[in-house]
Amino acid sequence: MSKTLAHSIGSYISYRLRSTSKHGVHSPFVFDLITKVLENKEKEEVFEKIHGIYKEQCRSSRVLETTDFGVSSDGRAYSTKFLKVSEITKSSSVNSNTGELLYRLVEYFKPSRILELGTSLGMSTLYIASAAPTAKYITMEGCAAKVEVAKSYFSRMAVLNLEVSTGRFDTQLPAVLEKLGQLDFVFMDGHHRFKPTLAYFKKVLQYSNENTVIVLDDIHWSKGMELAWREIQKMPEVTVTIDIYRLGLVFLKKSLSKQNFIIKY
């Protein structure tokens, strides 16, 4: 058994043993969120369209020369790989369950300014944009080849409120934050490592207020991501966090008592 698989199994077992249902939650804010968002299984018409794109990507044999700006094992600042669209979709795109939850979160909180770190092939972007068609929305992706594919689907779905920033997060993020100004909703799904995750989170905090919602993907993906998640929970600006295994939800409301919830999902 590989170390990655062993970690995944161990972290999921730990999550299941420690998680609770809404009946163990005494925060009205979190209870309402569970009831109205996490337990909401209504299917919107747009879900079928987006899932159709997902299935199309899973069948695609098109090969992309992808660029990863995370430091490679041999010390290079970036690495390149030739990958099929189907491989990228299956390994890094959100599934329908996660995508629909992102849609419901955005629909529930009604953000006006949205930032996404990690467009990939655009699946999460389509769910988020569909829930907030009038919001000012910037999504960021380091790999130009992935952006090209994603943009073709944005055009097909007539996503008009979206701007794509292509390039390294560390160089592009300051300008993107200045352009967006105050942030209402942030989805962090890129560069899944301890130091970058914390660095980008801290920059996002500078443009956040107590109503900002920050969602992190793959918080149990590795020991480094789990450590980053624990560090984020300790930050004084953070009041409530909700761990639903794949996603971590972060809230900054000063009116809430500092609590970390692990919710069955």
Side-chain angles (χ1 to χ4, degrees), residues 19-20 22 24-38 40 98 101-118 124 127-129 131-132 135-140 169-170 173-220 225-263 265:
S19 61
T20 184
K22 68 179 179 182
V25 171
H26 302 293
S27 164
F29 172 80
V30 176
F31 186 89
D32 282 350
L33 184 67
I34 295 170
T35 303
K36 297 176 182 178
V37 179
L38 299 187
N40 181 356
T98 301
L101 177 55
L102 288 171
Y103 178 98
R104 288 190 288 268
L105 283 167
V106 172
E107 186 180 49
Y108 183 72
F109 288 107
K110 296 178 172 52
S112 297
R113 295 178 180 84
I114 301 172
L115 171 65
E116 178 181 29
L117 281 78
S124 55
Y127 282 105
I128 293 170
K136 186 175 183 180
Y137 183 2
I138 299 180
T139 182
M140 303 180 65
F169 290 173
D170 53 358
L173 186 56
V176 168
L177 289 170
E178 284 292 330
K179 191 167 189 176
L180 276 172
Q182 201 73 32
L183 298 171
D184 300 314
F185 188 92
V186 181
F187 181 47
M188 295 180 60
D189 183 24
H191 211 158
H192 290 15
R193 293 178 181 170
F194 173 72
K195 288 185 178 180
T197 297
L198 282 185
Y200 301 144
F201 188 89
K202 289 176 181 177
K203 288 182 180 180
V204 162
L205 275 182
Q206 296 173 18
Y207 290 81
S208 300
N209 58 61
E210 67 170 341
N211 294 315
T212 304
V213 179
I214 306 172
V215 181
L216 290 89
D217 194 25
D218 290 329
I219 58 172
H220 294 286
M225 284 299 294
E226 289 184 332
L227 181 58
W229 176 243
R230 291 196 291 271
E231 290 298 312
I232 286 169
Q233 290 177 317
K234 296 175 187 176
M235 292 182 180
E237 299 91 344
V238 174
T239 50
V240 167
T241 65
I242 302 176
D243 176 349
I244 55 172
Y245 190 67
R246 172 160 181 170
L247 299 181
L249 315 181
V250 179
F251 302 94
L252 313 174
K253 287 183 175 294
K254 297 176 183 177
S255 59
L256 300 176
S257 301
K258 194 170 183 69
Q259 289 179 280
N260 302 314
F261 296 91
I262 304 175
I263 303 298
Y265 182 70

Taking C-beta and beyond as the side chain, do [X] and [Y] meet within less than 4.5 Å on heavy atoms?
X	Y	result
Leu180	Lys136	yes
Val186	Tyr207	no
Leu249	Leu33	yes
Asp32	Tyr108	yes
Ile262	Ile244	no

All side-chain contact (heavy atoms from CB on, under 4.5 Å) counterparts of [X], not counting sequence neighbours:
X	result
Ser112	Asp184
Phe169	Leu117, Met140, Tyr200
Lys202	Met235

Check the surroundings of atom NZ in Lys258: do more than 12 heavy atoms from other residues, nucleotides or ligands lie under 6.0 Å from it?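 Correct, the count exceeds 12.
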Is a salt bridge present between Lys234 and Glu231, judged by a nitrogen-to-oxygen distance below 4.0 Å?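 Judged by the 4.0 Å cut-off on N to carboxylate O distance, Lys234 and Glu231 do form a salt bridge.
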Is it true that a side-chain atom of [X] and a backbone atom of [Y] form a donor plus acceptor pair closer than 3.5 Å?
X	Y	result
Gln182	Ser208	yes
Arg104	Asn40	yes
Glu210	Lys254	yes
Thr239	Lys253	yes

Does the side chain to side chain donor-acceptor pair (under 3.5 Å) test come out yes or no for Asp243 and His220, once each step is laid out? CA-CA 10 Å; Asp243 176 349; His220 294 286; 2.8 Å; yes
Determine, step by step, whether Tyr137 and Glu116 satisfy the side chain to side chain donor-acceptor pair (under 3.5 Å) criterion, reporting the C-alpha distance in whole Å, the side-chain angles of both residues, the deciding distance to 0.1 Å, and the verdict. CA-CA 8 Å; Tyr137 183 2; Glu116 178 181 29; 2.9 Å; yes
Just how far is it from atom CD1 of Ile214 to atom CZ of Phe201, taken to the nearest 0.5 Å?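 CZ of Phe201 is found 4.0 Å from CD1 of Ile214.
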Parallel, tilted or perpendicular: which describes the rings of Phe29 and Phe109, with under 30° parallel and over 60° perpendicular?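 Phe29 and Phe109: tilted rings.
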